[in-house]
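Right, one structure below, let's go through it.
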Amino acid sequence: MDYNFQEIEQHWQTEWEKAGAYKVSNTSSKKPFYVLDMFPYPSGAGLHVGHPLGYIASDIYSRYKRLQGFNVLHPMGFDSYGLPAEQYAIQTGQHPEKTTFTNIARYVEQLRKIGFCYDWDREVRTCMPDYYKWTQWAFIQMFNSYFDTSLQKAQPISRLIAKWEAEDPTWTTLTEKQQQERLMNYRIAYLADTKVNWCPQLGTVLANDEVSEGLSVRGGFPVEQRVMRQWCLRVSAYAPRLLEGLNHIDWTESLKETQRNWIGRSEGAEMRFNIKGQEEPFTIFTTRADTVFGVTFMVLAPESEYVKRVVTEDKKAEVEEYLTWCKHRTERERIADRKVTGVFTGSYAINPLTHAEIPIYISDYVLAGYGTGAIMAVPAHDSRDYAFAKHFNLPIIPLIEGADVSEQSFDAKEGIMINSGFLNGMEVKDAIRAMKEHITNTGIGRVKVNYRLRDAIFSRQRYWGEPFPIYYKDGMPYAVDEKDLPITLPEVDNFRPTEDGRPPLGNAKDWTYKGYPLELCTMPGFAGSSAYFLRYMDNHNTQALVSKQANEYWRQVNLYIGGTEHATGHLIYSRFWNKFLFDLGVICEDEPFQKLINQGMIQGRSNFVYRYIGEGATGNLYISYNLIDNPEYKDKVQPIHVNVNIVKNDILDIDAFRNWMPEYKNAQFVYSDGTTDQDNPYLGTPAEKQYICGWAVEKMSKSMFNVVNPDDVIAQYGADTLRLYEMFLGPLEMSKPWDTNGIDGVHRFIKKLWNLYEDINNDEPTANELHSLHKLIKKVTWDIENFSFNTSIPAFMIAVNELGKCHKRAILAPIAILIAPYAPHIAEAMWEKCQMVDGASSKRTFVIDAEWPVCEEKYLEESTIKYPIQFCGKVRFTLEMSKDASKEEVEKIVLADEQTIKQLAGNTPKRVIVVPGKIVNIVV
RNA sequence: GCGGCAUUGGCGGAAUUGGUAGACGCGCUAGACUUAGGAUCUAGUUCUGCAAGGAGUGAAGGUUCGAGUCCUUUAUGCCGCACCA
């Protein structure tokens, strides 16, 4: 019988749905296992063939775990608030909810066709009130909490109030507004004036991870710095725990390293420098306390609080001018143009060790947001200070023996100290330690750990996001009552900001709570994705984000598969969010994702035709790729993207090309053999006449005509072939181009496999057949355990070849189970055929209810063992022995064969080594 | 600049513990079957050589009886971070 994949796949997808085969219960005696995909943002373009790569991998693992007897939670949902739907709404007036739901429907349909084992009852959508109720709820908890630095965990803000009431007599004298303002400095979700990334084109602020090189990640629009009053999350308070937690989770080293970089811990010291003629000192942060003797000037960030204090009257105008200039420089300009700029403040600081007077400058190479926004400059040993010193002609004092600082600074942290008072003669490392001790003892400063991680800016001046559960009274924010959640997103008739520049929610009618105005901003994209993994555990719960019982059963995500692009966004925020909920006692695990795998990207593989543009060109002649380097065409052709769906194995479908676009209707070709259409009035058959296309690996995108839709692949080959082929492409974690050239091979294999399930009998399997089967069991089990999915497929192919015409149920039934994770539809059909042998009951049982077969080593042992023998690494021959032979017997024969070895080698062997297995050294 | 990862035939890639490198697939070559084939089947396919043989996992060293695998140096590519003091 032919392999009718369409019928098989449709049939079993319906059966699964009817039976609720993938429904997962929160109460089971089975061991729980939680496999999670990063849920997608449903874009208008639908899924392309690259998106399901990770989903297929996680599906394989889920199905495998299920067959191993685990209760597997494997849900899917949609990150459905976001900019594209809103941009589309602004352009068309279409409500973003409508486009979002349409897109989701398309995604669900596409995912369903691939045959994933999702429990759709657990679907979440971040834009639904029953979901974002809990996003808002979490926000209120953050608003009502502060971070206790000594306990290193979040605590209810009421404790802080109680403490102040008891211990701080000034507290009760404050007005309510003053009290609220003071509390705002402690809340985990707080309102503050901060310098933000403002994107005028998008009309909103963006988080640091949403900006790259001064451009917005979404859309690539310029981003400028602005001070605005924004909601922030005190993520930085969790920096030590976010860093430490990385040691206990099973993520790739590169991803952990990315997060470590982003958190940016640096150990150093804070030191106070006195200002000449002033009482109050100012504080700087340095990691090179050892270099204090080489400080020849100080630099403040333009935005620094200290600037006001140190500018002298005569320098005021000059400084003002510089500050204004800085303000108007965008982040992008700053990065692009790194020439030295700065201005002298007129004031001098006193070096606390040398007591020298050193000038204080302002320059934008010092960042306000890091450390204290002020530095001590050591030009000899810091390249940025060096450039500044050269530009302003400031002294450069070398502090390390043998360091030549006439041309450039010596930045390395090694060498022997000189010119450094009591540090002279020490190694740099010791000097740092000694100086830290010195400044601590003398009270000049203290040891300090600094983090680069900043608080997350949490307001977006947009419509399509979660409303804040916050209202304003007397200009101060208050959280709405939890029982009034969710605060649902209001309808507006215009998705743009209001005339007077307020966010779009300013267009809503009656946007108030108990008569007070509600917050007009909405939450950013990462709000909804920060705890979705918890909601899947208990998504219908109306009383809590997740019940204690459900959370204690599932605990945490055991396997998370997703792209590496979320390394510094979602994967930091959700860890933070999770730790916060852990502090609250809402959940029982500190880290959300135990193991994380980054699937590689699937790039597009573009195809090109080569239009002739040389002498006498009509613009209508296309040269086959293999000819374009010929002298007559070289540099006279122009590559043009051609739709990859009308190219197969780099051979162009001529008719399809002529019909593709009107401009190609009369296209003429120079074929691979050099002939043209004129030479072949009858238009040769495709076998004889081939037009070969060039190719390149590029991002998969519409404009390159290289997008491959999984629906098309499924229509042509079936979902099982798609699933197998995506895995077969290469290691999961590697990026690779989508190349349809190999898909036929995989499809052929499935057909061969299917043919084995014809006329199944109950005969006893032979030793060889059992050997093939158990080899396969061992291999496939190992592969899945180790996420090496690509190597299982060859193993199946080999097994099918070895089994040839074997139709025995005892062999075929286990193979149906083994392939079920990879190709679930055909596995069901194969399983069913195995159940119906000998007129046995036609009762349908699912392969997913079967048990994963166990490899029995006894079938793997061969009757003989081959020992390849190496002599002095030169001569090899094979010694075939009974498998029962003892080590001594092997040695005996090897020794007996010494004559042969000698003959072959021509001299006395020093050693004979027998492989495989244990090394047997025989020294003669 | 700092950090991480990679580099194996014409191509994608195997080699799991240091033990016969190139599994499996694509492509290619030859043959069979066919009115035909973008179908199917069989055989071959790292390079070099008529052959015996020799060479061979980016490059150069090292450890080892034995290295794609471990160590050192280096080159190239990809990714992350970056006036972070």
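If you check B:G18 for Watson-Crick or wobble pairing at under 3.5 angstrom, you find it has no partner at all. Under the Watson-Crick or G-U wobble criterion, with both distances below 3.5 Å, B:C2 is paired with B:G80. Pairing for B:G49 is absent, with no Watson-Crick or G-U wobble pair whose two atom distances lie under 3.5 Å. Base pairing of B:C33: no nucleotide in any strand meets the Watson-Crick or G-U wobble criterion (both distances under 3.5 Å). With a cut-off of 3.5 Å on both pairing distances, the Watson-Crick or G-U wobble partner of B:A59 is B:U73. Pairing for B:A67 is absent, judged as Watson-Crick or G-U wobble with the two contacts each under 3.5 Å. Remark: B:A39 base-pairs with no nucleotide; criterion is Watson-Crick or G-U wobble with both hydrogen-bond distances under 3.5 Å. Under the Watson-Crick or G-U wobble criterion, with both distances below 3.5 Å, B:G44 is paired with B:C28.
With contacts defined as side-chain heavy-atom distances shorter than 4.5 Å, the pair A:F392/A:P359 does not qualify. For the pair A:F787 and A:P731, the minimum side-chain heavy-atom distance is 4.5 Å or more. A:F282 places none of its side-chain heavy atoms less than 4.5 Å from the side chain of A:E305. Proximity of A:I56 to A:M727: side-chain heavy atoms (C-beta onward) are separated by under 4.5 Å at one or more points. Inter-residue side-chain proximity for A:W754 and A:F5 is flagged as unmet; no heavy-atom pair is nearer than 4.5 Å.
With hydrogens and angles disregarded, no donor-acceptor distance shorter than 3.5 Å links the side chain of A:N786 to the backbone of A:S788.
If you check every strand for non-hydrogen atoms under 4.0 Å, A:K256 touches nothing. Nucleic acid contact for A:R748: sugar-phosphate only, since backbone atoms but no base atoms lie under 4.0 Å from a heavy atom of the residue. The residue A:K778 sits apart from the nucleic acid: no heavy atom pair falls under 4.0 Å.
For the OP1/OP2 pair of B:A85 and a distance below 4.0 Å, the side-chain nitrogens and oxygens of A:Y370 include at least one atom meeting the criterion.
Atom C1' of B:C41 sits at a distance of 15 Å from the matching atom of B:G37, rounded to the whole Å. Taking the C1' atoms as reference points, B:C11 lies 36 Å from B:C2, given to the whole Å. Taking atom P on both B:U7 and B:U69, the two are 11 Å apart, rounded to the nearest angstrom. Taking the P atom of each, B:U46 and B:A21 are spaced 14 Å apart, rounded to whole Å. Comparing the C1' positions of B:U76 and B:A59 gives an interatomic distance of 10 Å, to the nearest angstrom. Look at the C1' atom in both B:U29 and B:G80: the space between them is 46 Å, to the nearest Å. Comparing B:G61 with B:A75, their C1' atoms are spaced 15 Å from each other, to the whole Å. For the P atoms, the distance linking B:U17 with B:G53 amounts to 34 Å, nearest Å.
Atom OH in A:Y725 sits about 18 Å away from atom P in B:C24, given to the nearest Å. Between the CG atom of A:D411 and the P atom of B:G1 there is a distance of 12 Å, given to the nearest Å. Between the NE2 atom of A:H747 and the C1' atom of B:C26 there is a distance of 16 Å, rounded to whole Å. Rounded to whole Å, the distance from CD on A:Q603 to P on B:C78 is 11 Å. Taking atom CZ of residue A:F796 and atom P of nucleotide B:A14, one finds them 17 Å apart after rounding to whole Å. In this structure, CD1 of A:I750 is placed 18 Å from C1' of B:A39, rounded to the nearest angstrom. Atom CG in A:N645 sits roughly 20 Å away from atom P in B:G38 (whole-Å rounding). Rounded to an integer number of Å, the gap from CG of A:N598 to P of B:G80 is 12 Å.
Projected onto RNA chain B by closest heavy-atom contact, A:Q259 and A:A301 fall at different nucleotides, the more 5' of which corresponds to A:Q259. Across the interface with RNA chain B, nearest-nucleotide mapping of A:A368 and A:I743 shows A:I743 to be the residue nearer the 5′ end.
Closest to the side chain of A:P731, out of B:A23, B:A82, B:A14, is B:A14. Proximity note for A:T791 (side chain, C-beta onward) versus B:A85, B:A15, B:A82: the nearest is B:A15. Of the candidates B:U40, B:A23, B:C81, the closest approach to any side-chain atom of A:P794 belongs to B:A23. Listed nucleotides: B:G25, B:U16, B:A85. Nearest to the side chain of A:T287: B:A85. For A:K779, taking side-chain heavy atoms from C-beta onward, the closest of the listed nucleotides B:U16, B:A85, B:A23 is B:U16. Among the nucleotides B:A85, B:C81, B:G13, the one closest to any side-chain atom of A:N790 is B:G13.
We find the CE-NE2 distance between A:M38 and A:H570 to be 5.0 Å, quoted to the nearest 0.5 Å. Here the OH atom belonging to A:Y386 is positioned 4.5 Å from the CD1 atom belonging to A:I396, to the nearest 0.5 angstrom.
For A:Y725 and A:Y717, the distance between ring centers is not under 6.0 angstrom.
Summarising the local packing, CD of A:E565 is surrounded by more than 12 heavy atoms from other residues, nucleotides or ligands at distances under 6.0 Å.
B:G9 shows a glycosidic angle within 90° of 0 and is accordingly assigned syn.
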What string of B, S and - do you get for nucleotides 2-12 of chain B 5' to 3' if you count protein non-hydrogen atoms under 4.0 Å? -SS-------B
